[in-house]
Amino acid sequence: MTIRTRFAPSPTGHLHVGGARSALFCWAFARRHGGTFLLRIEDTDQKRSSDEAGLGFLEDLKWLNIDWDEGPVFEGNGGGDTGPYFQSQRLDVYGEYFDRLIESGAAYPAFETPEELAEARKEARAQKRPYRYDRASLSLPAETVAQYLEEGRPHVLRFRVPDDQELVVNDLVLGEVRVAPGELEDFVIRKADGYPTYHFAVVVDDSLMGVTHVIRGQEHLANTPKHVLLQEALGFEHPAYAHVSLIFNPDGSKMSKRDKDKLLRTTVRERKVESPPPGCGIDEETWSTWLNDKTIQLPTGAASSLAVELQVELPEIDVADFDRAGYLPEVLVNYLALLGWSPGENREQFDQKFLVEHFDLDRIVKSPARFDRDKLLAFNLDAIQNMEEQEFVDRFRAFCQQHHPNVIAHFDGETFEHFARANKERSKTLVDPIRTGGFFLKNDDSITWEAIKPVRKALCNGDPCGYERLEAILPVLRSLEDWTVSGLESAIDEWAAAHADGNLGKVAQPIRVAVSGGPISPPIYDTLVILGKDSSLRRMERCLEQRSVLCPSG
RNA sequence: GACCCCAUCGUCUAGUCAGGUCCAGGACACCUGGUUUUCAUCCAGGCAACAGGGGUUCGAAUCCCCUUGGGGUCGCCA
């Protein structure tokens, strides 16, 4: 049997880490067994599908180096004979199978309105009674049904669940999952707008597309008996199921793509923000629809600009968030694979090749896992430290081109490389050089020195103090012709040997603080070369002028 | 609430299916010491878990039951 797996996201935003892991597992399983991995877009919700959000995760998958054999065509991936791969383009396909179920009596039209159903659910809840659809429409006389249909009365199609059949799902991760007869209600398979529901479309498409293994999150486990039932009614084979545990936030709640939206809602409610803050580009209408309907989310762009306006930090949830934060895709893949799967034998760090060679369903962990940023960061650090210098430079450059073009623009090519090289050994992420090296990008005259402890320690303490050393070495540097790492090294070393008992730190740290405004920078010779002679001297001079402010007592 | 799933260090896990080699191994975090011109690294060491209770067995982290805890689902969302 040739294995075929699929990842079937709904186009409601960027790919989040949970989805990314499902996709990764599907992909790895297919690749391991020489099978086919396909992508299908579940866009059967007319209200929520948007073109803008739809393509985002194709880029995310590509960034993660997860390729697909069949599915939407995108940069060399996709195509295939079992499409179309957008469910909204498969309506006529579903029609045939709806008819089949209607003819066999396994499906019937139901005329209750959403409002009526909501009311019935509310009532059941109030009476602490589990709600199940009461099959009212099923007991309607045939003439009535015919008449309603004739009138064109809006209706859905419900699946008639057998009354006394125990349902067994044989899950490759969880084992046998049993659901007693009578637990399922007659669920909707076709909405009033004619679109299939998820349950129906997923079953038909998986079968028609020849999917052999359904690997998905455990949130779908409770739905699976419905799918099994539909497969039986339609005469389809059952695919093998593997339900993967969920990914949690550090606080133990489910990590969800809606977390950002939740945080924004909470903030807006707590601060009683009445209208969209100007500058976040959200109009009144979008704002009020959003606030009034918890099931809809703000578009990604609007959400992040609102976060900026409100000055709240959105949690990193989407794959794109991790890209922006300077994580390496292969590290995210490694970490995600490890979250819920383990190769055993104390092996933790591995590449995609290893994953493809070793991945299998029987080592998937059943219990949910919390997403641990610290560990991801540690892995990212290791990956960066193990990189060849030139590779780091190239990847850092690509990262800047994408996310921080101003950094590229600020340096000439050679200096940019030096900046990158000088930062490699202290970088945990690709943004670290930018985050800790902001002083490189500033104007000489906008550097300021805060009287914080490490600054005062470097400049004011000791005898002679840092300021005195700075003052003493300044003429030496001013007259230095060879402003290179080696030139500076010999000049400063020599000076330190003669005037600071060879203690380099006594002179390096005052210089560092003077040129950067703080206690953190790459090695001092590199820092001075990257900055250039004029800037370095100018900054030291300006720092000297601040002496009485920073060290009032001496 | 009903149904379903899960349960080993703070976190991710190995070990569970084939009970003894496990007074439980690794990684991240944390703590201590060392290296380093700052930061970040790096090195050495340390702390730390089988949720609780019953069984089964010569023997249980491993098998069974109950309790507790956590999670998922209960939409004309996917």
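We name chains A, B, ... by the order of the sequence lines, and we start the count at 1 in each one.
Between Tyr198(A) atom OH and Gln87(A) atom CD the span is 9.0 Å, to the nearest 0.5 Å.
Residue Arg132(A) places none of its side-chain N or O atoms closer than 4.0 Å to OP1 or OP2 of G75(B). The phosphate of A78(B) has neither OP1 nor OP2 within less than 4.0 Å of any side-chain N or O from Thr197(A). Using a 4.0 Å cut-off, some side-chain N or O of Lys191(A) falls inside it from OP1 or OP2 of C77(B). One finds no side-chain N or O of Arg125(A) lying less than 4.0 angstrom from the OP1 or OP2 phosphate oxygen of G1(B). Not one side-chain nitrogen or oxygen of Lys366(A) sits closer than 4.0 Å to the OP1 or OP2 atom of A7(B).
Asp360(A) contributes no side-chain N or O that, together with a main-chain N or O of Asp362(A), makes up a donor-acceptor pair within less than 3.5 Å. Although no hydrogens or angles enter the test, the distance criterion places no donor-acceptor pair under 3.5 Å between the side chain of Lys260(A) and the main chain of Leu298(A). With Asp526(A) contributing its side chain and Ala422(A) its backbone, the two residues share no donor-acceptor pair below 3.5 Å.
Base pairing analysis places A7(B) opposite U68(B); the two distances defining the Watson-Crick or G-U wobble pair are each below 3.5 Å. Shown here, A2(B) forms a base pair with U73(B); the pair counts as Watson-Crick or G-U wobble because both key distances fall under 3.5 Å. Base pairing analysis places U38(B) opposite nothing; no Watson-Crick or G-U wobble pair with both distances below 3.5 Å involves it. Nucleotide A60(B) is matched to nothing when pairs are restricted to Watson-Crick or G-U wobble geometry with both distances under 3.5 angstrom.
Taking atom P on both nucleotides, A18(B) is separated from C63(B) by 9 Å, rounded to a whole Å. Separating the P atom of C9(B) from that of G26(B) is a span of 16 Å, rounded to the nearest Å. A14(B) and C58(B) have their C1' atoms separated by 28 Å, with the value rounded to a whole Å. Spacing of P atoms, A60(B) relative to U13(B), comes out at 27 Å, to the nearest Å. G70(B) and A51(B): their C1' atoms are spaced 11 Å apart (whole Å). Nucleotides A61(B) and A24(B), compared at atom P, are 11 Å apart to the nearest Å. Here, U8(B) and U62(B) have their C1' atoms 11 Å apart, quoted to the whole Å. Of the P atoms belonging to G10(B) and C6(B), the separation is 23 Å, rounded to the nearest Å.
Side-chain N/O atoms of Arg370(A) and base N/O atoms of C12(B) include no donor-acceptor pair closer than 3.5 Å. A donor N or O paired with an acceptor N or O is found under 3.5 Å between the base of G26(B) and the side-chain atoms of Glu348(A). Below the 3.5 angstrom threshold, one finds a donor paired with an acceptor across the side chain of Lys375(A) and the base of A27(B).
Counting only N and O atoms by type, the side chains of Glu316(A) and Tyr327(A) include no donor and acceptor under 3.5 Å apart. For the 3.5 Å distance criterion, the side chains of Asp432(A) and Thr429(A) qualify, holding a donor opposite an acceptor.
Considering only side-chain atoms of Arg512(A), the nucleotide from U38(B), A29(B), A14(B) that sits closest is U38(B). The side chain of Arg363(A) has A14(B) as its nearest neighbour among A2(B), A14(B), C28(B). Counting only heavy atoms from C-beta on, Asn346(A) has its side chain closest to G25(B) among C39(B), G25(B), C77(B). Checking A78(B), A27(B), G75(B) against every side-chain atom of Glu42(A), the shortest atom distance belongs to A78(B).
Both Arg347(A) and Asp382(A) sit near RNA chain B, but only Arg347(A) has its closest nucleotide nearer the 5' end.
Thr436(A) comes within contact range of no nucleotide atom at all, as no heavy-atom separation falls under 4.0 Å. When heavy atoms are screened at a 4.0 angstrom cut-off, Gly340(A) is found touching the sugar-phosphate backbone but no base atom.
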